[in-house]
Amino acid sequence: MARETFQTALADLRAAVLDMGELVVKRLKTALAAFEADDEETARRVLQTDDQVNQRYLELESRCIDLFALEQPVASDLRLVAASFKIITDLERVGDLAANLAQYTLSRTAILPAVGIPEIGREAIDMLEDALVAYDDRVAEACRVVTSRDDDLDAKCEQASSQLVRNLIERDPIAATGNLETLIEDVESVLLTIRDLERIGDHAVNVAGRTLYVLEGDPELVY
Amino acid sequence: MSMTQNDSPTIETTVRTTEEQATDRSQPTGRPVIEARNLSVHYGDEQALQNVTMKIPDRQVTAIIGPSGCGKSTFLRSINRMNDLVDAASVDGDLLLDGTNVYEDDIDPVALRRRIGMVFQHPNPFPKSIYDNVAYGLRIQGSTDDLDERVEQALKRAALWDEVNDQLEKSALALSGGQQQRLCIARAIAVDPEVLLMDEPASALDPIATAKIEDLIAELAEEYTVVTVTHNMQQAARISDRTAVFLTGGKLVEYDDTETVFENPAHDRVEDYITGKFG
């Protein structure tokens with residue numbers, strides 16, 4: 001095969017994107033476990049190591065730009081580099097959302113009833129993992145399965161938000177806390193966390209869509 | 001722009017076109033100026049082009065790419081009957097210019113070449129002055145009215161006027177390679193052809209001169225139909241609206257919008273060629 005160095009660089013890029021994905025998934029799982037266990041030390045560690053993902057992102061961004069500039073990829077090679085360039089942005093954002101979850105674990109006051117955040121979180125992480133497997137295995141059908149799960153995740157997130165509001169209406173949480181400001185902060189954090197989990201699902205859909213762009217070339221999927 | 005839950009990608013199956021199904025997935029949008037219909041060329045027993053069928057649209061740049069020996073230059077030279085000059089060459093099929101088959105018996109090849117200018121890989125100015133090079137075709141045509149103005153216009157269209165307007169009597173051979181190539185373009189367009197054929201027009205030039213030629217090709221396409229052969233695929237991607245890929249055996253394998261050919265070619269063999277995996 002010609003251009004062996006370039007083909008090796010593409011294989012290395014793919015592996016490095018998967019490594020970054022693995023790191024992000026691991027941090028998400030750690031942050032979610034810390035949330036469930038109310039483990040502040042672990043949550044703090046997730047926050048303190050957020051820079052790992054950012055560094056990985058910058059390194060891969062630079063690698064993609066080098067490939068564009070020096071190798072001028074075309075056809076499926078171009079699609080792989082372009083899609084990877086976008087996927088690492090999704091992964092970097094998911095890394096930020098893991099940090100958000102860790103931050104919420106540290107700041108909450110545990111006065112609000114559970115609304116199913118761990119279950120939603122596991123669903124979102126599962127979608128992201130499946131999208132990364134599809135990117136690794138280059139399987140279009142697996143990409144479509146990921147995207148088809150997004151509506152269900154969105155519905156669960158909406159349901160969780162509604163449940164929280166219902167709880168607030170039906171009970172008297174201010175009496176429980178005695179502090180309106182703390183209550184407002186907690187409610188905001190829960191709603192934002194639900195939104196973050198829903199966005200992890202969106203990023204998983206993006207990863208799947210961009211993988212489909214690599215496989216099938218529909219440019220709509222990479223914009 | 002990040003996709004959110006509300007604008008998640010719509011995913012539909014993309015069906016790969018097989019080589020047998022089509023060589024031209026999307027027809028060119030402009031009026032076809034040149035149309036090849038089952039065009040085949042032999043050099044003696046050797047077939048250089050095999051049943052090429054394609055339409056080349058007006059005032060666009062069409063790039064012809066492919067590995068050495070694939071027939072791309074043969075195709076280009078078929079358009080203005082340059083292959084007539086090769087004794088062993090024989091042509092089958094039709095090559096239409098504005099609907100008229102250029103291989104009809106009553107077509108004068110010399111008159112045809114006035115309508116179809118050609119620029120070659122290596123600049124080939126005549127050993128004459130800059131002015132006389134550009135005026136050459138006009139004088140042969142007998143078009144000597146407003147000769148100065150027509151020479152000036154051709155040099156301006158070829159983006160050379162500003163560099164040579166005070167030295168028109170200087171020998172063309174004293175110009176740089178890039179300037180000589182633009183002079184050859186000026187010479188070709190001075191007689192106001194409809195079509196410009198370019199056979200690797202920048203391959204012998206440095207990057208600066210190449211960039212000037214590429215810019216010039218884009219400007220020329222506003223007035224002329226440009227067909228260019230190039231080995232430089234990045235150049236084809238930069239300058240052309242449509243790209244035709246010829247592969248071994250003189251077959252046109254794919255012909256489509258340039259973006260499509262370089263981002264998502266229909267044929268695996270084209271993919272392998274443009275990504276450098278074969279060729």
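Note that this is a predicted model, so its numbers are computed, not measured. Here is how names work: the chains are called A, B, and so on, in the same order as the sequence lines, proteins then strands, and each is numbered from 1.
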Of all heavy-atom pairs between Ile274(B) and Ala75(A), which one has the smallest distance, and what is that distance?
->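 Of all heavy-atom pairs spanning Ile274(B) and Ala75(A), the closest is CD1-CB, 3.8 Å.
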
How about [atom1] on [X], more than 12 heavy atoms from neighbouring residues, nucleotides or ligands closer than 6.0 Å, or not?
| X | atom1 | result |
| --- | --- | --- |
| Glu119(A) | CD | yes |
| Leu70(A) | CG | yes |
| Arg31(B) | CZ | yes |

To the nearest 0.5 Å, atom CG of Leu10(A) lies from atom OG1 of Thr275(B) at 9.5 Å

Output the distance between atom CZ (Phe6(A)) and atom NZ (Lys277(B)), rounded to the nearest 0.5 Å.
->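 Separation between the atoms: 7.5 Å.
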
What residue in Leu78(A), Thr89(A), Asp77(A), Leu153(A) has the most heavy-atom pairs under 4.5 Å with chain B?
->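 Counting heavy-atom pairs under 4.5 Å, the top option is Asp77(A).
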
Could you tell me which of Glu71(A), Gln72(A), Arg93(A) has the largest number of non-hydrogen atom pairs under 4.5 Å with chain B?
-> Gln72(A)

Between Glu216(A) and Asn264(B), is any pair of side-chain heavy atoms under 4.5 Å apart?
-> no

